[in-house]
Student: 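This is the structure, below, for whatever I ask next.
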Amino acid sequence: MGDSSDSVSIDMETPSLSGKEYVIETYYGHVSVSVYGDQDKPALVTYPDLALNHISCFQGLLFCPEACSLLLHNFCIYHISPPGHELGAATIRPEDPLLSVDDLADQIAEVLNYFGLDAVMCMGVTAGAYILTLFAIKYRQRVLGLILISPLCNAPSWTEWLYNKVLSNLLYYYGMCGVVKELLLKRYFSKEARGSAQVPESDAVQACKRLLDERQGLNVWRFLEAINGRQDISNGLRKLFCCSLIFVGENSPFHFESLEMTSELDRRYSALVEVPACGSMVTEEQPHAMLIPMECFLTGYGMYRPPKLSVSPRSTLSPICISPELLSPESMGLKLKPIKTRISLEV
C-alpha cells in the first residue's frame, strides 16, 4: 500500500468485469440485459440515458477501481439497455409499435421476473433515471433504493419539448449525424469536458463519441419519442417506500429539474449530491465523486460489505470511520457539496 498522507490508497481484490449477455422476450419486444457478478448477491439494475448503453454510460464508474469493487463486491449488476441500444443492435422494424415510458417501466418488471428477482437497487442516468423512478412508483415493493444521476420527474417544458423535436427530426431523417452527436454530447458533458480550440476534449468524451457512432438513429429516435412524451410523476414521489440518492452536475442542463425532483421527495429519505464542474453524466465525467456518498448510502441499508482492503486507519473509505451522523434520517436530506474527486487528509 502506498503512502496515504495526501490521498487515500487502496489495495483491493479486483472483481471480474466479464459479463453475460441475455436477450429476453417480453410483451413489449426483445430487451438486452448484461449481467455482471454473482447472481446470488443482491441485484443492482441500471438504465442508461438516451442513445447510451451500459458501456457508454457506466463504464467510467466501473473502471474506477474503488467504485467497481464497492458495487461488484456487494451486488450482481443487471444492465438493461433501452430497446435497440445494445451493442451491435440492428434497426428496429418500422412496423414494431413505439413504446411509451410506461411500457419501458413495465418491461423492467418482466426482466426481473425472468431472473427471479424480487426487490432490487436501481441506478439510472437522466432518461434512464426517469424510467427507473416510474418503475419504482408503479412497483413500489420491488425497489429497495434509487441512485439517480441528473434525474427528471416533470413533463418536458416547452423549451425541452421543442429541442427534443428538433433532435428527433434530425435522428429520423439523418441518423447519428455530426450535429446529433454534438447535441447529445452537450446533454451529457460539461463545457470543460467537451474542450475547445485550445483545450482537447476529455478521454470520456472521445470514448462516448466513438460509441455513439455505433447507435442506430431510428432506435434512438424511438427512445427519444418516449421520453419526450413523458408525464409529470412528481405526485408519486412521496409515495415511494425507498430511499433515494441523487447526483447532479452543477453544469448539467437538467440541474434545475434534478433540484426540483429532490424538493418533491421526502427529505427524511433522500439526499442530494451536487458535483462541481460536471455535466449530467457524473458516472463518466467524475465517477470518483460518487464513491463516498454511495458507500454511506449502502451502509445505511446494511448492504455494504467491505471488500478485502488494506486501507489507512484515517481513510474515510474505511467502514469504521463513517460518521453515524451521515446515516441519520436528518442527514439524508442534506445538500452535500462540494464533492471532491480525490480526498485530501491532513496529518
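FYI, the numbering just counts along the sequence from 1.
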Student: Is any side-chain heavy atom of Asn228 closer than 4.5 Å to a side-chain heavy atom of Lys165?
Tutor: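 A side-chain contact under 4.5 Å exists here.
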
Student: Is a side-chain donor-acceptor pair under 3.5 Å present for Ser202 with Glu285?
Tutor: no

Student: Check whether any side-chain heavy atom of Met176 sits under 4.5 Å from a side-chain heavy atom of Asp213, and report yes or no.
Tutor: no

Student: Hydrophobic clustering (ILVMFWY, side-chain heavy atoms < 4.5 Å, transitive) - are Leu183 and Trp221 grouped together?
Tutor: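 Trp221 and Leu183: one cluster.
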
Student: For residues Met261 and Phe256, determine if any side-chain heavy atom of one lies less than 4.5 Å from a side-chain heavy atom of the other.
Tutor: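 Sidechains of Phe256 and Met261: no contact.
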
Student: Taking the six-membered ring of Phe189, is NZ or CZ of Arg194 closer than 6.0 Å to its centre and within 45° of its axis?
Tutor: no

Student: With rounding to the nearest 0.5 angstrom, report the CD1 to OG distance, Ile80 to Ser32.
Tutor: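 These two atoms lie 10.0 Å from each other.
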
Student: What heavy-atom pair brings Val33 and Tyr78 nearest, and what distance separates the two atoms?
Tutor: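 Looks like CG1-CB, 4.2 Å.
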
Student: Please report the closest heavy-atom contact between Ser150 and Gly279, naming both atoms and the distance.
Tutor: OG-O, 4.4 Å

Student: Side chains of Leu240 and Leu146: does their closest heavy-atom pair fall under 4.5 Å?
Tutor: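 Of all side-chain heavy-atom pairs linking Leu146 with Leu240, at least one is under 4.5 Å.
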
Student: Would the distance check show the side chain of Asp49 and the main-chain N or O of Ala127 forming a donor-acceptor pair, the cut-off being under 3.5 Å?
Tutor: yes

Student: Using a 3.5 Å distance criterion without hydrogens, assess whether the side chain of Ser258 forms a donor-acceptor pair with backbone atoms of Phe254.
Tutor: yes

Student: Within this structure, what is the CD1-CG distance for the pair Ile246 and Leu272, rounded to the nearest 0.5 Å?
Tutor: 6.5 Å

Student: Is the side chain of Gln286 donor-acceptor paired with the backbone N or O of Pro276 at a distance under 3.5 Å, no angle test?
Tutor: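 Such a contact is found between Gln286 side chain and Pro276 backbone.
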
Student: Do Phe75 and Tyr36 have their ring centres less than 6.0 Å from each other?
Tutor: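 Ring-ring flag for Phe75/Tyr36: false, centres at least 6.0 Å apart.
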
Student: For the atom pair CZ (Phe135) and CG (Leu132), what is the distance rounded to the nearest 0.5 Å?
Tutor: 8.0 Å

Student: Restricting to non-hydrogen atoms, name the atom on Met290 and the atom on Phe247 that form the minimum distance, rounded to 0.1 Å.
Tutor: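 Distance-wise, the nearest heavy atoms are CA-CE2, 3.6 Å.
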
Student: Inspect the contact between Glu160 and Arg230 and indicate whether a charged nitrogen and a carboxylate oxygen are less than 4.0 angstrom apart.
Tutor: yes

Student: Hydrophobic cluster membership, with links at side-chain heavy-atom distances under 4.5 Å among I/L/V/M/F/W/Y: are Tyr163 and Trp158 in one?
Tutor: no

Student: Heavy atoms only: give me the nearest Leu184-Ala51 pair and the separation to one decimal.
Tutor: CD1-CB, 3.8 Å

Student: Judged by modelled atom types alone, do Tyr27 and Asp103 share a side-chain donor-acceptor pair under 3.5 Å?
Tutor: no

Student: Hey, mind stepping through Leu61 and Val282 against side-chain contact (heavy atoms from CB on, under 4.5 Å) and telling me if it holds?
Tutor: CA-CA 9 Å; Leu61 180 64; Val282 183; over 6 Å; no

Student: Is there a donor-acceptor pair under 3.5 Å between the side chain of Lys41 and the backbone N or O of Leu72?
Tutor: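 Looks like yes, one N/O pair under 3.5 Å.
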
Student: Once you round to the nearest 0.5 Å, how far does SG of Cys64 lie from CG of Leu291?
Tutor: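 Going from the SG atom of Cys64 to the CG atom of Leu291 covers 6.0 Å.
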
Student: Is there side-chain contact between Leu62 and Ile77, with at least one heavy-atom pair below 4.5 Å?
Tutor: yes

Student: Would you say Thr126 and Ile149 make side-chain contact, with heavy atoms under 4.5 Å?
Tutor: no

Student: If hydrophobic clusters are built by linking Ile, Leu, Val, Met, Phe, Trp and Tyr wherever their side-chain heavy atoms come under 4.5 Å apart, do Leu52 and Leu87 end up in the same one?
Tutor: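 Cluster IDs for Leu52 and Leu87 differ.
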
Student: For Ala119, does its backbone N or O pair with a side-chain atom of Arg142 as donor and acceptor, under 3.5 Å?
Tutor: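 Absent.
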
Student: Surrounding CD of Gln231 (heavy atoms of other residues, nucleotides or ligands, distance under 6.0 Å), is the total greater than 12?
Tutor: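 Not buried by this count: 12 neighbours or fewer within 6.0 Å.
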
Student: Looking at Asn53, is its backbone amide N or carbonyl O close enough to the side chain of Ser56 to form a donor-acceptor pair, meaning the two atoms are under 3.5 Å apart?
Tutor: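 Confirmed, Ser56 side chain pairs with Asn53 backbone.
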
Student: Are more than 12 heavy atoms from other residues, nucleotides or ligands located less than 6.0 Å from atom OH of Tyr139?
Tutor: yes

Student: Test Leu144 against Val120 for side-chain contact (heavy atoms from CB on, under 4.5 Å), laying out the working first.
Tutor: CA-CA 5 Å; Leu144 295 171; Val120 300; 5.8 Å; no

Student: Is any side-chain N of the basic residue among Arg222 and Asp96 closer than 4.0 Å to the acidic one's carboxylate O?
Tutor: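 The answer is no: the pair does not qualify as a salt bridge.
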
Student: Measure from the side-chain N and O atoms of Thr283 to the backbone N and O of Cys57, and report whether any donor-acceptor pair falls under 3.5 Å.
Tutor: yes

Student: Begin from the C-alpha positions of Met294 and Leu70 and carry the test side-chain contact (heavy atoms from CB on, under 4.5 Å) through to its verdict.
Tutor: CA-CA 9 Å; Met294 282 197 305; Leu70 170 67; 4.1 Å; yes

Student: With rounding to the nearest 0.5 Å, note down the distance linking OG in Ser157 to CG in Leu162.
Tutor: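 Here the interatomic distance stands at 8.5 Å.
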
Student: Do the non-hydrogen side-chain atoms of Pro83 and Phe223 ever get within less than 4.5 Å of each other?
Tutor: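 Of all side-chain heavy-atom pairs linking Phe223 with Pro83, none is under 4.5 Å.
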
Student: I need the minimum non-hydrogen distance between Phe58 and Tyr47, along with the two atoms involved.
Tutor: CZ-O, 3.7 Å

Student: Could you tell me whether a side-chain N or O of His73 sits under 3.5 Å from a main-chain N or O of Leu71, the two making a donor and an acceptor?
Tutor: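 No, His73 side chain to Leu71 backbone: no donor-acceptor pair under 3.5 Å.
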
Student: Judged by atom type as modelled, is there a donor-acceptor pair below 3.5 Å linking the side chain of Asn164 to the main-chain atoms of Glu225?
Tutor: no

Student: Is it true that the side chains of Ser234 and Glu264 contain a donor and an acceptor less than 3.5 Å apart?
Tutor: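 No pair is found: no donor N or O on one side chain lies under 3.5 Å from an acceptor on the other.
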
Student: Calculate, to the nearest 0.5 Å, the distance between atoms CG and OG belonging to Leu265 and Ser244 respectively.
Tutor: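 The OG atom of Ser244 is 5.0 Å from CG of Leu265, to the nearest 0.5 Å.
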
Student: Does a donor on one side chain and an acceptor on the other come within less than 3.5 Å for Asn154 and Glu260?
Tutor: yes

Student: In terms of ring plane angle, is the pair His79 and His54 parallel, tilted or perpendicular, where the classes change at 30° and 60°?
Tutor: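 Parallel.
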
Student: Counting only N and O atoms by type, is there a donor-acceptor contact under 3.5 Å from the side chain of Ser69 to the main-chain atoms of Pro65?
Tutor: no

Student: Answer with yes or no whether the hydrophobic clustering places Val125 together with Leu211; edges join I, L, V, M, F, W, Y residues whose side-chain heavy atoms lie under 4.5 Å apart.
Tutor: no

Student: Quick one: closest heavy-atom pair of Leu99 and Gln107, and the distance?
Tutor: CD1-NE2, 4.5 Å

Student: Leu104 and Ile137: same hydrophobic cluster, using ILVMFWY side-chain contacts below 4.5 Å?
Tutor: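 Yes, one cluster joins them.
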
Student: Is the shortest heavy-atom distance from the side chain of Lys138 to the side chain of Ile233 under 4.5 Å?
Tutor: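 Result no, sub-4.5 Å side-chain heavy-atom pair not found.
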
Student: Checking Thr133 against Leu237 for the side-chain contact (heavy atoms from CB on, under 4.5 Å) test, could you report, in this order, the C-alpha distance in whole Å, the side-chain angles of both residues, the deciding distance, and whether it holds?
Tutor: CA-CA 8 Å; Thr133 304; Leu237 295 178; 3.5 Å; yes

